[in-house]
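Okay, structure first, notes after.
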Amino acid sequence: MNVDLALEQLLDARTAEVYTKEELHKKLQRSAETGIPLRVKLGVDPTAPDIHLGHTVVLRKMRAFQDLGHTGVLIIGDYTALVGDPTGRSKTRPQLSYEEIEHNAATYREQVFKILDPERTEIVHNGDWFKKLSFGEVLRLTSRFTVARLLERDDFANRFSKNLPISLHEVMYPIMQAYDSVMVRADVELGATEQTFNILMGRQLQENMGQERQIGLLAPILTGTCGSVRMSKSIGNYIGIAESPSEIFGKTMSIPDNLIGEYLRLASEFEADEVERFERSLSDGSANPRDVKFQLARHLVSLYHGDDAADKAGSEFEQIFSKRDLPDEMPVLELKRDELEEGRIWIVKLLKLANAASSNSNAIGLVQQGAVQLDGARVDADAPDVKIESGMTLKVGKRRFFRIELSN
RNA sequence: GGGGAGAUACCCAAGCGGUCAAAGGGGGCAGGCUGUAAACCUGUUGGCGUAGCCUUCGGAGGUUCGAACCCUCCUCUCCCCA
């Protein structure tokens, strides 16, 4: 493989910054000559286990390295998760228990191979080395860093200037991440741009400990479905790759129009010229944003669930939202006959049985707002005891449907 | 160690003795509209069979007819001084 071409491929839209391009070129060159693959590190935090589109940007970058013959080293940060990455946070994260972390890590491993090449992936836990360090060794390690240097980090600096707390263990996070790089002898470390500081620390520590420093390759941060802040599970503005086809489809359709380009560029597998064509048609008005979004949604579903699922999700979406029809399949709400009184049930009770309302008040609110329909007829808040027959359809809001089945 | 400031609902943030289930914003949910679960507009957002009642304002006590608001102690955070 031609090194210049490889470099060009690696530095596509999914790369925001490289530290440094020259060094990367050199490493690629040497690897090509010696046949020794580069070790490309990515640390993952098993705090929120579900991989979402935001993670895929960087995972696809790792895949790109793997396709060029290099080795992906995935570090499950079971020990760093005990700290919680303070990146981008104005608050200390809650610490997770070891059991939660293990469970999350397992989920992560399951999902990650939807993108990575298992043949070229090493998975390690950083607890493997951290749990063996003695306190003396920790002290020796920390002596290589200074407080002033650590306070250069944006989020620490911000919090510091706003008089918000910074716990000492949080400061350990970048140090631990840097040490990971040393332990796996990383040639390249991947991460989103918010990881800049941590990754540069790794470079510094590797040099300090007599290794060649790693390349930092930073991916852009994907904006969440809300359109304003980064995609994050804890915020809830995410599209998870393990989510159901209809969820992925629907959530994609719900992104603000001005986000379409970003998703095409960072989260899709469309070729660069296709992306460009889409973007041009959007900006010159020749395409309806809805239609482009529709194609994007189909594409994303097929990436994680296959073409058939994508077709189905697409037609279901049209059925429900364009034609305002009922979906072909809907969850069944089983209702025992003795829940009814003379064939009637209090609508609030029904909503709670369907798990469509969190409380009676919530359910009453929904009814009053006209969000509840039975067989297409709006439930009147003044007549809350509704007659139920088997096979009826309950609709709550625009997108929650249930088929009611009576049983004894 | 000494002095000062603060902790309010999912988040930010008002309130400083009754009219406070608690302003405003964000987020969530819903309705309208539409090209979509975009945008925009409107409503709603502690619990209870829907009436008033119950439980909320860091924790525990206290003062008062009455406390998110006053007092005491405790926990946590920040600032200044050393």
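Closest non-hydrogen pair, Lys293(A) versus Met253(A), comes out as NZ-O, 3.0 Å.
Rounded to a whole Å, the NZ atom of Lys398(A) is 11 Å from the P atom of C29(B). Rounded to whole angstrom, the span from the CD1 atom of Ile260(A) across to the P atom of G35(B) amounts to 15 Å. Separating the CD atom of Gln368(A) from the C1' atom of U44(B) is a distance of 10 Å, rounded to the nearest angstrom. Going from atom CZ of Arg400(A) over to atom P of G28(B) covers 14 Å, rounded to whole Å. The distance from atom CG of Leu296(A) to atom P of A37(B) is 17 Å, rounded to the nearest whole Å. Atoms CD (Gln373(A)) and P (A30(B)) sit 13 Å apart, rounded to a whole Å.
The backbone N or O of Glu23(A) sits less than 3.5 Å from a side-chain atom of Thr20(A), completing a donor-acceptor pair. No donor-acceptor distance shorter than 3.5 angstrom exists from the side chain of Lys61(A) to the backbone of Val57(A), with no hydrogens or angles considered.
Here Thr225(A) lies out of heavy-atom contact (under 4.0 Å) with every strand. Phe317(A) comes within contact range of at least one nucleobase, with a heavy-atom separation under 4.0 Å.
One P atom belongs to U42(B), the other to G52(B), and the distance between them is 30 Å to the nearest Å. On the P atoms, U72(B) is 44 Å away from A51(B), given to the nearest whole Å. Of the C1' atoms belonging to A13(B) and G59(B), the separation is 23 Å, rounded to the nearest Å. Atom name P, nucleotides C40(B) and G46(B): the rounded distance is 24 Å, in whole Å. One P atom belongs to U45(B), the other to G25(B), and the distance between them is 14 Å to the nearest Å. Nucleotides C20(B) and U64(B), compared at atom P, are 25 Å apart to the nearest Å. To the nearest whole angstrom, the two P atoms, one in C53(B) and one in G58(B), are 26 Å apart.
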Scan nucleotides 74-78 of chain B against the protein and return all N/O pairs shorter than 3.5 Å with their distances rounded to 0.1 Å.
none

Tabulate protein N/O versus nucleotide N/O from nucleotides 40-43 of chain B, keeping only pairs under 3.5 Å, one per line.
residue: G43(B); atom: N2; partner: Gln369(A); partner atom: OE1; Å: 2.5
residue: G43(B); atom: N3; partner: Gln369(A); partner atom: OE1; Å: 3.0

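Within the structure, every side-chain polar atom (N or O) of Arg290(A) is placed at least 4.0 Å from both OP1 and OP2 of G35(B).
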Please output the side-chain donor-acceptor pairs of residues 68-78 of chain A that fall under 3.5 Å, not counting sequence neighbours, one pair per line with the distance.
residue: His70(A); atom: ND1; partner: Leu38(A); partner atom: N; Å: 2.9
residue: Asp78(A); atom: OD1; partner: Asn126(A); partner atom: N; Å: 3.3
residue: Asp78(A); atom: OD1; partner: Gly127(A); partner atom: N; Å: 2.7
residue: Asp78(A); atom: OD2; partner: Tyr98(A); partner atom: OH; Å: 3.1

What donor-acceptor contacts under 3.5 angstrom involve side-chain atoms of residues 385-401 of chain A, with partners at least two apart or in another chain?
residue: Ser390(A); atom: OG; partner: Leu406(A); partner atom: N; Å: 3.0
residue: Arg399(A); atom: NH2; partner: Glu247(A); partner atom: OE2; Å: 3.4
residue: Arg400(A); atom: NH1; partner: Ala356(A); partner atom: O; Å: 3.2

Using residues 264-273 of chain A as the side-chain source, report each donor-acceptor pair under 3.5 Å to any protein atom, sequence neighbours left out, with the distance given to one decimal.
residue: Arg265(A); atom: NE; partner: Glu279(A); partner atom: OE2; Å: 3.2
residue: Ser268(A); atom: OG; partner: Leu264(A); partner atom: O; Å: 2.6
residue: Ser268(A); atom: OG; partner: Phe270(A); partner atom: N; Å: 3.0
residue: Glu269(A); atom: OE1; partner: Arg60(A); partner atom: NH1; Å: 3.4

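Legend: residues meeting side-chain contact (heavy atoms from CB on, under 4.5 Å) with Met209(A), ordered by chain and number and at least two apart, are Arg144(A), Tyr179(A), Val182(A), Leu205(A). Partners of Phe402(A) under the ring-ring contact (aromatic ring centres under 6.0 Å, His included) rule, at least two apart in sequence or in another chain, do not exist in this structure. Remark: Asp67(A) pairs with Arg63(A) by the side-chain contact (heavy atoms from CB on, under 4.5 Å) rule, at least two apart or across chains.
A donor-acceptor pair shorter than 3.5 Å cannot be found between the side chains of Glu110(A) and Thr107(A). Judged by distance alone, the side chains of Gln195(A) and Glu189(A) never bring a donor and an acceptor atom under 3.5 Å apart. Side-chain atoms of Thr196(A) and Glu17(A) form no donor-acceptor pair, as typed in the model, at a separation below 3.5 Å.
For the side-chain contact (heavy atoms from CB on, under 4.5 Å) with Lys41(A), the qualifying choice from Val124(A), Val188(A), Asp180(A) is Asp180(A), the only one to do so.
Positionally, the nearest nucleotide of RNA chain B for Arg378(A) lies more toward the 5' end than for the other of Lys293(A) and Arg378(A). Between Pro384(A) and Ala371(A), it is Ala371(A) whose nearest contact on RNA chain B lies nearer the 5' terminus.
In this structure, the side chains of Leu24(A) and Leu11(A) come closer than 4.5 Å at one or more pairs of heavy atoms.
Residues in residues 348-367 of chain A take part in no ring pair (Phe, Tyr, Trp, His ring centres under 6.0 Å) pair, two or more places apart or across chains.
If you check residues 236-257 of chain A against RNA chain B, the residues with a heavy atom closer than 4.0 Å are Ser246(A), Gly250(A), Met253(A), Ser254(A), Ile255(A), Pro256(A), Asp257(A), listed by number. Shown for residues 300-314 of chain A: no residue has heavy atoms falling under 4.0 angstrom of RNA chain B. A heavy-atom distance below 4.0 Å to RNA chain B is reached by these residues of residues 341-365 of chain A, ordered by number: Trp346(A), Lys352(A), Ser359(A), Asn360(A), Ser361(A), Ile364(A).
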Using the rule given for salt bridge (Lys or Arg N to Asp or Glu O under 4.0 Å), can you reason through Glu262(A) versus Arg230(A), listing the C-alpha separation, both sets of side-chain angles and the distance that settles it, and then say yes or no? CA-CA 12 Å; Glu262(A) 183 179 328; Arg230(A) 54 173 311 195; over 6 Å; no

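Distances from the side chain of Arg399(A) to the nucleotides G32(B), U50(B), A37(B) place A37(B) closest.
Aromatic ring centroids of Phe156(A) and Phe160(A) lie 6.0 Å or more apart.
Aromatic ring pairs are classed by plane angle as parallel below 30°, tilted from 30° to 60° and perpendicular above 60°; the pair His55(A) and His52(A) is parallel.
Across the strands present, C76(B) finds its partner in G6(B); the criterion is a Watson-Crick or G-U wobble pair with both atom distances under 3.5 angstrom.
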